[in-house]
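We name chains A, B, ... by the order of the sequence lines, and we start the count at 1 in each one.
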Amino acid sequence: MELLQILPNLAIHRTAKLAIMTLLLLEEAWLAWLLPVPWVASMPLTKDLNVAIIDSNPALSSGVSIKKEEPPDPRVSTVTPATISIFKEIGAWKYIEQNRHAYFDKMQVWDYTGLGYTRYNARDANKEVLGCVVENRVLLSSLLSCLQSADFRKTIYPSRLLTLHRNSSSTKVDSHSSGLPLHGQGNLVKLDLIDGSSLHAKLVVGADGSKSRVRELAGIKTTGWNYSQNAIICTVEHAVENQCAWQRFLPAGPIALLPVGDNFSNIVWTMNPKEANDHKMMNGDEFIKDVNHALDYGFGPHPKSSMFGDGGIFSWLKADVTSASEFFEIPPKVIRLVSDRMMFPLSLMHANNYASKNIVLIGDSAHTVHPLAGQGVNLGFGDAFALSRVIAEGIAVGTDIGEVTMLKKFEVERKTANIAMMAILDGFQKAYSVDFGPLNILRAAAFHVAQHVSPLKRGIISYASGEQRLPLFS
Amino acid sequence: MAFKLPNQLRALYTATNYHHHHRILSPLAGASQSFVFSLRRLFADVPPLSDPSSAPPPLYPHSTKTSLAPSSLNQYELAKFAAIAETWWDSEGPFKPLHALNPTRLAFIRSTLCRHFRRDSYSAKPFEGLKFVDVGCGGGILSEPLARMGATVTGVDAVEKNIKIARLHADLDPSTSTIEYCCTTAEKLVEEQRTFDAVIALEVIEHVAEPAEFCKSLATLTVPGGATVISTINRSIRAYATAIIAAEYLLHWLPKGTHQWSSFLTPEELVLILQRASISVQEMAGFAYNPLTGRWSLSDDISVNFIAFGTKNSQ
């Protein structure tokens, strides 16, 4: 397979097989593109592919420098066990373990009404961990290291995509057309970059985030809506180590406290835009007070812990999971704010198609979700993994990797998984945004059910861990 | 042109008379219509026999064979394909089922031939250095993936239009532009004394007039110790229900009249005629369609579509 070297004003000699577009925004470092590349590098069927990476993030060439003494960056992701195993397979997890990372095996979810709570423990589902919280820059650096150590033909274009052209008359070849198509470029996409260079590729993978330029140029429409909520993220410090993931649903939106390692935690607080702005602007001490208030007695009482084994009407279902007997705990107090506060608007978006001829979308460019369950980046990694597999299978039978039929296989597989997850998350978001007596009771009942019905709890844990089976139908 | 007419009519006659299953023509007013329609098409679209690459049928009926000697071509069959040639590469067009079936056929070919030629099945180009011929290549649906897998591919088809389409499409991708396409027949290649490491004729044998002769030609094209792969449809009741009634009349996957049930071969017959041509069949598999997922897969069920891999006995 041939390589395409792009320098401005130089004639195009050969062709790049795969061009991966990405845009690492300041707020969200979406890493989905970094995953198919080392994966594709490690599989024998695909290691001869020629990959061009188009990304203006300077970290690509200069690397990501992370000083151990620095407090954690507020941009973190919670990676599920499924994602962890993907990383382990491509050999990237070892780089993550060299940096700060925080496994957690416990989780507590409750709301402001004080009517119920649920505690999850990894041991309920016979797992070691529920997930691991890793800073985005650590994920980025580990994937980069993995990429650099792979013996693989890749070219990095530190620029951004301007336009792309596809050969439109692709489905029917007219026997009466005279003249040859332009020297074997008929099936390729021509990409023009902002810095003036251009390249040709068989397949363009758009992993450039929710405002994807690739998606825009491909003409793929999206469906979705804005949640009238913004999220504030920041890093805070405790006096003791936090080993549990906490989430409390407040009237305006959930607040989550995730351990990131050492005595630090990450806060993701969702609320309406005006309050979010106030909280971003207010001074640090006031913010800390508000955070502690929100996690503790603010907005409503603590739920009552159920006595050992007393699950009320569920006690006949032997509560054979550890967490069923755990008492409600109050999260550790926040003592210090150690980073800036960042704010993002939240929305749900789903591209109507993930693939069209020669173009495929993965990660946030195909779908965005509410952060309330930490699933967004994991869906993206799932996409990347599935795409690499589909490409390998296609190459095994000599398929042209730009073929829509092959890409549609990827789309069908991932759409089902992604839409199911998005529907569930959206359902939660809506269920928790209404303060209405009967609905509150219903939610409380849901908490009790999840807390005490072990098969359901195990199902929820597996589903949230990325095991691809819906909680009720395993 | 005058001498062509009686031969074409004879071909038509033999095509329908060859088999005693008249009921095939009956249920369908559609069938008789397409019959008449194809008659008209015959005179419009059949490639001119003055084309140097295909031999004109001889006037003298020295051959008692009912085919158009010396080739195993069936003009009526050719005409059917010539009519829809432009749509070969439209994956939503009339050839959609073939596009859907293609990866499954390739999986079988890849697995059997990698084993036979002792190639690394994890390599992206396991057939590097091997010469393959795709007999009845059509628009090149099979030839192109084989070329991408590293083989040196020659694609032959008796319909000129198909070769033109195949050539144009292959030129769109540098990895397939090296495929050699010829508008010719297996018999002509035999005359040119060409040989190949693997001879592949998928979904062709049910359209030829003389399957036994065709197999002999395929065998001659294969080097001793080489591979021959043939796929076709079984002459079973289930195949009639599936490949003809369902595919042609109910689902409209194929144009009506694409297949004649009586031209189908049973696996036993295929094995026998291949054996007589010095090819021993080593493996056979069937293709099963899952209507829920719309995907084909390899299976042990050879009652409808099946594919056979055989090796040429080394003398």
Give, as side chain, backbone, both or neither, the part of B/Ser177 having an atom under 4.5 angstrom from any heavy atom of chain A.
->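 Neither part.
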So what's closer than 4.5 Å to chain A heavy atoms on B/Arg295: side chain, backbone, both or neither?
->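 Side chain only.
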Would you mind telling me which of A/Thr405, A/Asp400, A/Val412 has the largest number of heavy-atom pairs within less than 4.5 Å of chain B?
->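 Of the candidates given, the most pairs with chain B belong to A/Asp400.
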Does the distance from a Lys or Arg side-chain N to an Asp or Glu carboxylate O, for A/Arg389 and A/Glu413, drop under 4.0 Å?
->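 Salt bridge between A/Arg389 and A/Glu413, a charged N being under 4.0 Å from a carboxylate O: yes.
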Residues B/Asp197 and B/Lys131 bridged, charged N to O under 4.0 Å |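 A salt bridge is absent here (no side-chain N lies under 4.0 Å from a carboxylate O).
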Based on non-hydrogen pairs under 4.5 Å, which of B/Thr293, B/Leu106, B/Asp120, B/Thr176 is most in contact with chain A?
->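 So the answer, after comparing B/Thr293, B/Leu106, B/Asp120, B/Thr176, is B/Leu106.
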Verify whether the ring centers belonging to A/Phe87 and A/Phe381 lie closer than 6.0 Å.
->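 Ring-ring flag for A/Phe87/A/Phe381: true, centres closer than 6.0 Å.
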Go through the side-chain N and O atoms of A/Arg166 and A/Ser356 and say whether any donor and acceptor fall under 3.5 Å apart.
->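 Looking only at side-chain atoms, A/Ser356 and A/Arg166 do form a donor-acceptor pair, the distance falling under 3.5 Å.
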